[in-house]
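Single-structure report; data block below.
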Amino acid sequence: MAIFSVYVVNKAGGLIYQLDSYAPRSEAEKTFSYPLDLLLKLHDERVLVAFGQRDGIRVGHAVLAINGIDVNGKYTADGKEMLETDTFKLHCFQTLTGIKFVVLADPRQAGIDSLLRKIYEIYSDYALKNPFYSLEMPIRCELFDQNLKLALEVAEKAGTFGPGS
């Protein structure tokens, strides 16, 4: 599982920080005729290959599209927004001051809500408390970069942030 990108957007809509932390995975498009020699199953609202191998398609691979892609958007509690596709989830957290934290992650990645809170905490501790940082300006702070990368590594490995992380 992976976190692909992190963006910080100011209240005017300008991008003030961007971190791309993951190389995109390769995808293959295959066309099959009926009957399939693969067994498909529904798991967590996704169609997965349960049995059989053919032309590089293996057990556990997800079927991304059948005559089109479904996109589902959700507005969650606590001001978080989410846009879900078969290949990624876009999570957004907007603070009371208008700063937006956006995370692009694998759809199976857990703990994104707590990661967004952790990113906000890192922003508060290392960007806002930096005497050389001006509000609404691009974030250029080495401690912010280091702590954000560390938080992303922890989130990818553990999946969640507990209280006091």
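Since we're looking at a predicted model, the values are computed, not measured.
- Residues that satisfy the salt bridge (Lys or Arg N to Asp or Glu O under 4.0 Å) test with Lys129, not counting sequence neighbours, are Asp125.
- To the nearest 0.5 Å, the span separating CG on Leu152 from CG on Leu19 amounts to 6.0 Å.
- Within the structure, salt bridge (charged side-chain N to carboxylate O under 4.0 Å, His left out) pairs that include any residue of residues 6-18 do not occur (at least two apart or interchain).
- The two residues Cys92 and Lys100 have their closest heavy-atom pair at SG-CB, 4.2 Å.
- In plain terms, the two heavy atoms of Gln109 and Glu156 that are nearest each other are NE2-CA, 3.9 Å.
- Inter-residue side-chain proximity for Thr95 and Tyr120 is flagged as met; some heavy-atom pair is nearer than 4.5 Å.
- Between Phe101 and Tyr123, a ring centre-to-centre spacing shorter than 6.0 Å is recorded.
- Of all heavy-atom pairs between Asp20 and Tyr7, the closest is OD1-OH, 3.7 Å.
- There is a path of hydrophobic side-chain contacts, each under 4.5 Å, that joins Tyr126 to Leu135.
- Between Leu150 and Gln146, the closest side-chain pair of non-hydrogen atoms is not below 4.5 Å.
- Asn10 contributes a side-chain N or O that, together with a main-chain N or O of Glu136, makes up a donor-acceptor pair within less than 3.5 Å.
- Minimum interatomic distance between Pro138 and Arg140 (heavy atoms only, all atoms of both residues): CB-NH1, 3.1 Å.
- The ring of Phe144 has its center closer than 6.0 angstrom to the ring center of Tyr17.
- Using a 4.5 Å cut-off on side-chain heavy atoms (C-beta onward), Ile99 and Val9 make no contact.
- The shortest side-chain heavy-atom distance between His91 and Val102 does not fall under the 4.5 Å cut-off.
- Within the 4.5 Å cutoff, the side chain of Leu115 has heavy atoms near those of the Ile3 side chain.
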(Q) I'd like to know whether Ile16 forms a side chain to side chain contact (heavy atoms under 4.5 Å, CB included) with Met137, so could you lay out the CA-CA distance, the side-chain angles of the two residues, the decisive distance to 0.1 Å, and finally the verdict. (A) CA-CA 6 Å; Ile16 59 174; Met137 297 304 292; over 6 Å; no
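- In summary, of the residues considered (Val8, Leu143, Ile139, Ile119), a side-chain contact (heavy atoms from CB on, under 4.5 Å) with Leu148 occurs for Ile119 alone.
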